[in-house]
Protein chains: 2
Amino acid sequence: MTDPVGQSSRERYRAQVRAEIKQHAWEQIAAAGVPALSLNAIAKQVGMSGPALYRYFASRDDLITALIRDAYRSLADTVRAAFDSGTDLLGLAGVIREWARDDPQRYFLIYGTPVPGYHAPDDITAISFEVMAVLLEACGAPPADTRTTPFDAHLRDHRTWAFDHPAPAPTLHRALSFWTRLHGVLSLELAGHFTGMEFDPELLIAEELDTLPHGDRGLDPADRVSG
Amino acid sequence: MTDPVGQSSRERYRAQVRAEIKQHAWEQIAAAGVPALSLNAIAKQVGMSGPALYRYFASRDDLITALIRDAYRSLADTVRAAFDSGTDLLGLAGVIREWARDDPQRYFLIYGTPVPGYHAPDDITAISFEVMAVLLEACGAPPADTRTTPFDAHLRDHRTWAFDHPAPAPTLHRALSFWTRLHGVLSLELAGHFTGMEFDPELLIAEELDTLPHGDRGLDPADRVSG
DNA sequence: TCGGCGAGTTATAGCTTCTAACTATTCGAA
DNA sequence: TTCGAATAGTTAGAAGCTATAACTCGCCGA
């Protein structure tokens with residue numbers, strides 16, 4: 001009994017239960033963080049008893065890995081969709097910030113405290129490259145009058161990139177600065193390190209991105225095809 | 001029986017055991033992260049059995065809070081000492097990066113994934129203000145020809161700072177940019193998000209700080225008194 | 001119709017944090 | 001010097017967790 005997509009009814013049921021489990025897992029994480037995630041509690045919530053959950057996820061780490069993968073996938077899709085519909089760099093920052101504020105713990109699952117010794121599976125790092133690829137596209141080609149900085153030269157000499165993207169060094173530089181500046185503000189904001197200072201992080205981000213290296217570009221999304 | 005410092009021998013012993021417990025806790029955290037920290041395991045390591053450890057720390061969270069406090073204290077002292085011995089902003093970044101790379105999990109204990117609902121005790125946030133105060137001092141006074149940016153104006157209008165520091169808005173801006181840019185690069189570096197790209201994060205940091213807002217200052221540490 | 005796969009169960013081991021109750025030691029003051 | 005109180009440590013145990021083992025039941029496909 002297979003449906004048009006090639007899934008048997010058992011496989012469909014399985015996928016649905018897995019999704020339900022992950023849904024409850026996300027709720028627990030949003031409420032109290034990853035450390036408080038309890039497989040037992042989730043099992044009760046979905047109406048099964050303890051060990052039954054191990055039919056769907058081999059271990060607690062396996063469930064968390066699946067959540068990390070979904071988080072990356074969601075971020076990559078969000079960024080890609082925004083870019084494809086004509087959003088510029090500042091707009092992408094807004095989209096990413098919105099995505100992060102929508103579920104801070106999901107953001108920290110990707111960019112938060114790492115577990116020593118943990119190595120994400122290859123398919124997950126591949127998704128992280130997708131995000132980087134969009135940023136590189138959004139950065140576009142460097143303007144004609146680009147003066148290469150020392151870091152540009154350094155980047156040019158150390159291009160053993162894990163994925164080969166044809167972007168020139170100044171574009172890499174710009175994308176890296178975009179990424180690190182946005183993450184710097186955003187992660188501190190989400191972690192509550194700005195509490196007590198009542199400025200608007202969005203304005204800080206805007207200005208940080210306005211002074212990105214190799215600037216005066218990306219203002220007209222129509223130009224991006226020529227990059 | 002009190003020594004010159006006013007500590008009884010019992011208090012001295014207590015402090016020593018607490019320190020020994022924290023030492024082992026740091027080792028566990030460095031090896032496997034906070035989630036793997038086990039009070040039972042620590043108790044065995046210091047030669048006492050399980051519950052005895054609760055004489056020294058009321059709970060696991062209490063121990064972790066003490067570690068967070070020590071981490072903040074260590075960072076604040078490190079930054080203050082470096083600044084007082086004439087280190088400029090770029091140098092401070094180097095000192096902070098060195099401090100972070102020396103024990104990445106200690107850095108993430110402060111700046112990593114937050115626990116939803118957790119509020120650090122006031123004495124800890126006070127230490128975080130010490131760090132910020134040093135950064136503000138290191139940023140010095142804005143140059144005479146400073147053109148206020150929109151974010152400067154915003155900062156001027158939203159100065160309900162939790163601690164009142166007399167620094168003008170452009171200095172706040174500069175310090176915030178320093179903090180967020182450094183943290184942006186550093187946290188991604190420590191978390192391993194740059195693996196596969198073999199550039200030197202130190203060079204990126206140097207350039208990010210070189211293009212800080214309201215620049216052309218702090219080059220001569222002798223000027224800092226006039227700030 | 002029947003065999004087998006798989007989803008679910010309970011029982012259990014071994015770990016965790018943390019409380020309760022108890023013992024023994026040590027400190028300090030009368 | 002002796003006695004009372006505070007304190008460091010113990011074991012026992014409750015409640016929770018992850019994870020495995022062994023088992024039962026029901027559905028799906030041949």
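Computed from a predicted structure; not experimentally measured. Lettering of chains follows the sequences in order, A, B, ..., and the numbering in each one begins at 1.
Considering only side-chain N and O atoms, N40(A) lies nowhere under 4.0 angstrom from the phosphate OP1 or OP2 of dG16(D). At dA7(C), one or more side-chain N or O atoms of R14(A) fall inside 4.0 Å of OP1 or OP2 (strictly under the cut-off). When the side-chain nitrogen and oxygen atoms of S49(B) are compared with OP1 and OP2 of dT11(D), one or more of them lie within a distance under 4.0 Å. OP1 or OP2 of dG9(D) lies within a sub-4.0 Å distance of a side-chain N or O belonging to Y13(B).
Along DNA chain C, the nucleotide nearest to P51(B) and the one nearest to V17(A) differ in position, and the one closer to the 5' end is contacted by V17(A). DNA chain C is contacted by both G47(A) and S38(B); G47(A) maps to the nucleotide lying nearer its 5′ end (nearest heavy atom per residue).
Nucleotide dT17(C) holds its P atom 14 Å from the CG atom of D62(B), rounded to whole Å. Between the OH atom of Y54(A) and the P atom of dG6(C) there is a distance of 20 Å, rounded to whole Å. Protein atom CG of L39(A) is 18 Å distant from nucleotide atom P of dT16(C), rounded to whole Å. Rounded to whole Å, the distance from CZ on R18(A) to P on dG6(C) is 15 Å. Regarding L53(A), its CG atom lies at a distance of 14 Å from the C1' atom of dT9(C), rounded to whole Å. Straight-line distance from the NZ atom of K44(A) to the C1' atom of dT9(C): 15 Å, rounded to whole Å. Regarding R12(A), its CZ atom lies at a distance of 14 Å from the C1' atom of dC27(D), rounded to whole Å. The interatomic distance linking F57(A) (CZ) with dC17(D) (C1') rounds to 18 Å, in whole Å.
Within the nucleic acid shown, L37(B) comes within 4.0 Å of sugar-phosphate atoms alone, with no base atom in reach, counting heavy atoms only. Y56(B) comes within 4.0 angstrom of the backbone, heavy atoms only, and of no base. Within the nucleic acid shown, R10(B) comes within 4.0 Å of at least one base atom, counting heavy atoms only.
For H173(A) and F151(A), the ring centers are positioned less than 6.0 Å apart.
Salt bridge status for E202(A) with R97(A): present, with a side-chain N to carboxylate O gap under 4.0 Å. Classification of R181(A) and E208(B) as a salt-bridged pair holds, one side-chain N sitting under 4.0 Å from a carboxylate O.
Note: H183(B) and Y111(B) have tilted aromatic rings, judged against thresholds of 30 and 60 degrees for the angle between ring planes.
Residue-to-nucleotide contacts include a donor-acceptor pair under 3.5 Å from the side chain of R55(A) to the base of dG8(C).
Cation-pi geometry between R174(A) and W179(A) is not met: the NZ or CZ atom fails to fall both under 6.0 Å from the ring centre and inside 45° of the normal.
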